[in-house]
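To start, the structure itself, in structure tokens.
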4 protein chains.
Amino acid sequence: MIQITTGDSRPVFQQIVDGFRMQVATGELLPGTKLPSTRGLAMQLTVNPNTVAKAYSALTAEGLIESRQGVGVFVCEPRQQLSYEERRRRLDTAIQQLVTTVITLGFEPDEILDALEKELAPLLRKSS
Amino acid sequence: MIQITTGDSRPVFQQIVDGFRMQVATGELLPGTKLPSTRGLAMQLTVNPNTVAKAYSALTAEGLIESRQGVGVFVCEPRQQLSYEERRRRLDTAIQQLVTTVITLGFEPDEILDALEKELAPLLRKSS
Amino acid sequence: MIQITTGDSRPVFQQIVDGFRMQVATGELLPGTKLPSTRGLAMQLTVNPNTVAKAYSALTAEGLIESRQGVGVFVCEPRQQLSYEERRRRLDTAIQQLVTTVITLGFEPDEILDALEKELAPLLRKSS
Amino acid sequence: MIQITTGDSRPVFQQIVDGFRMQVATGELLPGTKLPSTRGLAMQLTVNPNTVAKAYSALTAEGLIESRQGVGVFVCEPRQQLSYEERRRRLDTAIQQLVTTVITLGFEPDEILDALEKELAPLLRKSS
DNA sequence: GTGGTCTAGACCACG
DNA sequence: GTGGTCTAGACCACT
């Protein structure tokens, strides 16, 4: 379900967060779906339970999942909590970060845009 | 010249690195230009000289600047040290990171591409 | 594992870098191997942890090792980051430096070549 | 006569030392030749007189030149002051340094030897 | 005064 | 306990 790559530069909890975010965004995980328990997922991924807990906590704060006491953790109904301004601000920040990391690599703007377009292609369904 | 934002998630030395990278990439800083001294910039930004030294050291390793003992730090002639494979790998990594960050913000692919295009527009120089 | 010589002209962090570079190049350290922790190696070599951290940071920038937060530092899969031009430039620089150093020692070219050949012999692996 | 490259990683005084060493080794400068005065060379190279003085001092310590009070600085008769063991030790040190810097560049031993041979070729006359 | 190295000690993020 | 960042302050090499 979730792939943990030891060679990845991202911390483990972030890889879990990113994994679920992508699955929700692509529709692999539908609202209402029950996620594995903290301990269960930790065992399955052979990581520390605290790490999974941290990932779930981050996803909850983000509003992507919610935990129902004694029942489990579930994918939320999609609802855009953030204001347009906030979302726009985050997009711009992320793009500026991309540009600063890529600017010295010597690519043409078109190459960069093409690469992004290819990466975005499989996500067409998530335009809520 | 360089802006340090305490609320920024990036560490201070990274903000310095990014600042100079952008200035070199946009041509604001031309090859041969002398950068401020470590102690001078540290005082100006009110950070520790070691922090500036670390930023300069990173830029030196990247091949963007070079330092001469007792003289100062200077912008290098542009030279691409990295192989195409390595550059491509870094581009792809950066783009994947962008996508996982913005995927939950609910933007259309076109909006994201447009935003990137606008950010890339002023950087046409030096992209050869 | 790593030898620090106080009489050496190279700074301590460079001796650490060189030591690990040789061990990786000769295959004594295989990809995936965990390096000693910064604090542990610092204690063992009786140097400051920051000095070891600086060496590890340099090796990371070089792409020889990678570090994972809270886990440790590991030897990378070998991967050539640099372009042929850059590698060739560095080789020529290093050779010119060698020549200017030994030129006044009064050796025959053949003696110098023989000495280099002997030093290169045990390193046949990983030279692909 | 001597070339000072501002982009060179070597300090200025070292470039001067290396320059004279090469000229003596190749026979461009013969024993007994008078070198320019400290101030004269400093003016010609547009560097600080202290820098030239330091270079001359290093060359004197090396036994390559000698200053005759009130007359000037002259190239010495070649005489090998160092013991074979010392010369050999220095050669080995220099070669080990070359190897550690080049080992990660991924060249075949033959390529390295060829490069050294080419660099050594023009110096055949100096095998005293 | 310039950069380069090193030490000592602190705080944070991650597992 | 692991690495990452930052501060403070010292000493050295070079110009």
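Basis for what follows: all heavy atoms, side chains included, without hydrogens, waters or symmetry-related copies. Since this is a predicted model, take the numbers as computed values, not measurements. Each chain gets a letter, A, B and so on, in the order its sequence line appears, and its residues count up from 1.
- Contact annotation: B:S67 does not reach the phosphate of E:dG3 (side-chain N/O to OP1 or OP2, under 4.0 Å).
- Ionic pairing of B:E86 and C:R79 is present here: one or more N-O contacts between side-chain nitrogen and carboxylate oxygen are shorter than 4.0 angstrom.
- Rounding to the nearest 0.5 angstrom, the gap separating the OG1 atom in A:T100 from the CE atom in B:M22 is 7.0 Å.
- Going from atom CD of B:Q69 over to atom C1' of E:dG3 covers 5 Å, rounded to whole Å.
- Proximity of residues 7-20 of chain B to DNA chain F (heavy atom under 4.0 angstrom from any strand atom) is restricted to B:P11, B:V12, B:F13.
- In this structure, the CG atom of C:L35 is 13 Å from the P atom of F:dT2, given to the nearest Å.
- Comparing C:G70 and B:G40 by the nucleotide of DNA chain E that holds the closest heavy atom to each, the one mapping nearer the 5' end is B:G40.
- Phosphate proximity of F:dG1 to C:S37: absent, as no side-chain N or O sits under 4.0 Å from OP1 or OP2.
- Residue C:D92 forms a salt bridge (charged side-chain N to carboxylate O under 4.0 Å, His left out) with just one option from C:R90, C:R89, C:R88, and that option is C:R88.
- In this structure, CG on C:L35 lies 8.0 Å from CD1 on C:I2, to the nearest 0.5 angstrom.
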Quiz item: Do D:V73 and D:L59 pass the side chain to side chain contact (heavy atoms under 4.5 Å, CB included) test, and can you show the C-alpha distance, the side-chain angles, and the key distance before you say yes or no?
Solution: CA-CA 11 Å; D:V73 180; D:L59 288 165; over 6 Å; no

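- D:K54 has no side-chain polar atom (N or O) that falls below the 4.0 Å cut-off from OP1 or OP2 of F:dT15.
- The interatomic distance linking C:F74 (CZ) with E:dG15 (C1') rounds to 12 Å, in whole Å.
- For the atom pair CG (D:L91) and CG (C:L105), the distance works out to 7.0 Å, reported to the nearest 0.5 Å.
- In a base pair of the Watson-Crick type (N1 to N3 plus N6-O4 or O6-N4) or a G-U wobble (N1-O2 and O6-N3), with each distance short of 3.5 Å, F:dG1 is matched with E:dC14.
- If you take OG1 on C:T33 and CD1 on C:I65, they are separated by 12.0 Å, rounding to the nearest 0.5 Å.
- No side-chain donor-acceptor contact under 3.5 Å links C:T46 to the backbone of C:M43.
- Of the residues in residues 43-53 of chain C, those lying under 4.0 Å from DNA chain F by heavy-atom distance are C:N50.
- The structure places CD of C:Q23 at 11.5 Å from CG of C:L64, a figure rounded to the nearest 0.5 Å.
- Sequence order on DNA chain F of the closest nucleotides to B:R39 and C:T60 puts C:T60 first from the 5' end.
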